[in-house]
Amino acid sequence: MSLSIRRASLASLGLAFGLSALCLSPLMAQETKPAQPDATAPAAAPVDPNAVIATVNGEKLTEADLRLAEGELSQQFAQLPPEQRRAAALSAAIEIRVMAKKAVDSGLDKDADFQRRMAFLQARALHGEVVEKEVVDKVTDAEVRARYDQEIANTPPVNEIHARHILVKTKEEAEAIIKQLDGGADFQKLANEHTSDPSGKTSGGDLGWFGPGQMVPEFDKAAFALDVGKYSKEPVQSQFGWHVIKIEDKRAKQPPAFDDVKDQAKQAVIRDKYFAMVKELRAAAKVEIPDEKLKKDIDTLEAGK
């Protein structure tokens, strides 16, 4: 609705799949795969990954090298028309090769800071390979479905309500409307005549269906306390003004279909498997941290995972 008395939250998604719990660790951010090709586009002819696209100072640059450049630099090319991205990737790959040669010729590859960075980048890339090959690729459809079923089973039943409201500026206006309702006036007609909510002026104040926590607290509390067919006997104040609320119906909130949340469920499985692997490997590794305060901070951080 235009006055946004609905909370700006993820509660409207209607699922106890806490998205924060389903997100991958920030450490896994680099494992995001490049966007897949449009499934509706015509299938491209097979391309030999070893086909030479260019040579740079006698060094071959292959189709596989170009695809790697396209994937690694996809964000930089996102604003380009599709037909220009291949050329842009090749230009970038050539630029990288010639600059890299200059760096080697200048001895920059022997610099201690560069060597440390290269060691870190290699370790990070290997981390990504383990996650991809040993975690992501081994998740089964059965595990994803089982995680969905587990989340649904662990979700407490929640009711949602279908409500209408009349929003006015003052308490006195709201009290006058309640007095008319007590006298038998039609709620929808009064809403069309008096509500200051633009979306309610032609719908009889209809708010549709919503669950707990989707409205501002004062409205939420008052609405869910009403029985079906009843309206608020006292005006309800919120940051938007004064409300008169009527409950049209109540029902048990239905969980989302598996197909609608299977990606989140898969991320949950991946997350659990990732942290289980990290825990096992950390337990087997010999890690020494001489700084006692830093060690304590690390232990606290690890205990919260």
Side-chain angles (χ1 to χ4, degrees), residues 6-40 68 71-72 74-75 78 120-161 208-215 217 220 224 251-285 287 296-305:
R6 293 182 185 271
R7 279 180 178 270
S9 72
L10 291 176
S12 60
L13 293 178
L15 180 62
F17 273 114
L19 292 186
S20 61
L22 298 181
C23 292
L24 292 178
S25 162
L27 290 175
M28 298 170 65
Q30 76 261 26
E31 275 70 68
T32 303
K33 289 185 175 180
Q36 296 299 307
D38 183 356
T40 62
L68 179 61
E72 292 293 323
S74 59
Q75 290 187 343
F120 174 77
L121 292 175
Q122 181 183 36
R124 188 181 182 193
L126 289 170
H127 165 276
E129 285 297 298
V130 170
V131 172
E132 188 70 27
K133 302 297 193 299
E134 299 297 324
V135 179
V136 176
D137 289 350
K138 292 187 177 181
V139 172
T140 66
D141 292 341
E143 288 175 317
V144 175
R145 181 70 201 208
R147 182 55 183 258
Y148 167 82
D149 292 339
Q150 174 190 332
E151 292 288 346
I152 297 302
N154 292 341
T155 302
V158 174
N159 286 328
E160 56 183 0
I161 58 178
W209 290 93
F210 56 90
Q214 288 183 242
M215 300 295 183
D220 190 83
F224 277 89
R251 68 185 182 190
K253 192 172 187 177
Q254 296 300 307
F258 172 69
D259 286 342
D260 293 337
V261 294
K262 64 181 179 182
D263 289 341
Q264 293 100 307
K266 182 175 182 178
Q267 292 303 309
V269 175
I270 292 171
R271 177 183 179 277
D272 289 349
K273 285 179 171 288
Y274 172 79
F275 282 118
M277 176 180 286
V278 169
K279 184 177 181 179
E280 179 182 352
L281 294 174
R282 286 289 294 268
V287 179
K296 183 178 179 181
D297 291 343
I298 286 288
D299 290 342
T300 301
L301 180 64
E302 295 298 322
K305 289 183 179 179

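The shown structure was predicted, so the numbers you read here are calculated from the model rather than taken from an experiment.
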Measure the spacing between [atom1] of [X] and [atom2] of [Y] and express it to the nearest 0.5 Å.
{"X": "I298", "Y": "R282", "atom1": "CD1", "atom2": "CZ", "value": "6.5 Å"}
{"X": "F210", "Y": "I161", "atom1": "CZ", "atom2": "CD1", "value": "3.5 Å"}
{"X": "H127", "Y": "F120", "atom1": "NE2", "atom2": "CZ", "value": "9.5 Å"}

(request) Report yes if the side chains of F258 and V144 come closer than 4.5 Å at any heavy-atom pair, otherwise no. (result) yes

(request) State, with a plain yes or no, whether a side-chain heavy atom of D263 is found less than 4.5 Å away from one of K266. (result)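 They are not in contact (no side-chain heavy atoms under 4.5 Å apart), so the answer is no.
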
(message) Taking salt bridge (Lys or Arg N to Asp or Glu O under 4.0 Å) as the definition, give me every residue that meets it alongside K138, ordered by chain and number, with sequence neighbours left out.
(response)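 Counting only residues at least two positions away or on another chain, K138 forms a salt bridge (Lys or Arg N to Asp or Glu O under 4.0 Å) with E134.
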
(request) Go through the structure and list residues passing salt bridge (Lys or Arg N to Asp or Glu O under 4.0 Å) with D299, not counting sequence neighbours. (result) K295

(request) Determine, for E151 against R147, whether the closest basic-nitrogen to carboxylate-oxygen distance falls under 4.0 angstrom. (result)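 The answer is yes: the pair qualifies as a salt bridge.
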
Return the minimal non-hydrogen interatomic distance between [X] and [Y], and the atom names on each side.
{"X": "M277", "Y": "V135", "result": "CE-CG2, 3.9 Å"}
{"X": "A252", "Y": "N159", "result": "CA-OD1, 3.7 Å"}
{"X": "V139", "Y": "K273", "result": "CG2-CD, 4.0 Å"}

(request) Kindly write out the residues that satisfy side-chain hydrogen bond (donor to acceptor under 3.5 Å, both in side chains) with D260, not counting sequence neighbours, or none if the list is empty. (result) none

(request) Mark yes or no for whether D220, through its side chain, and P212, through its backbone, hold a donor-acceptor pair below 3.5 Å. (result)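 Side chain of D220 to backbone of P212, a donor-acceptor pair under 3.5 Å: no, none is there.
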
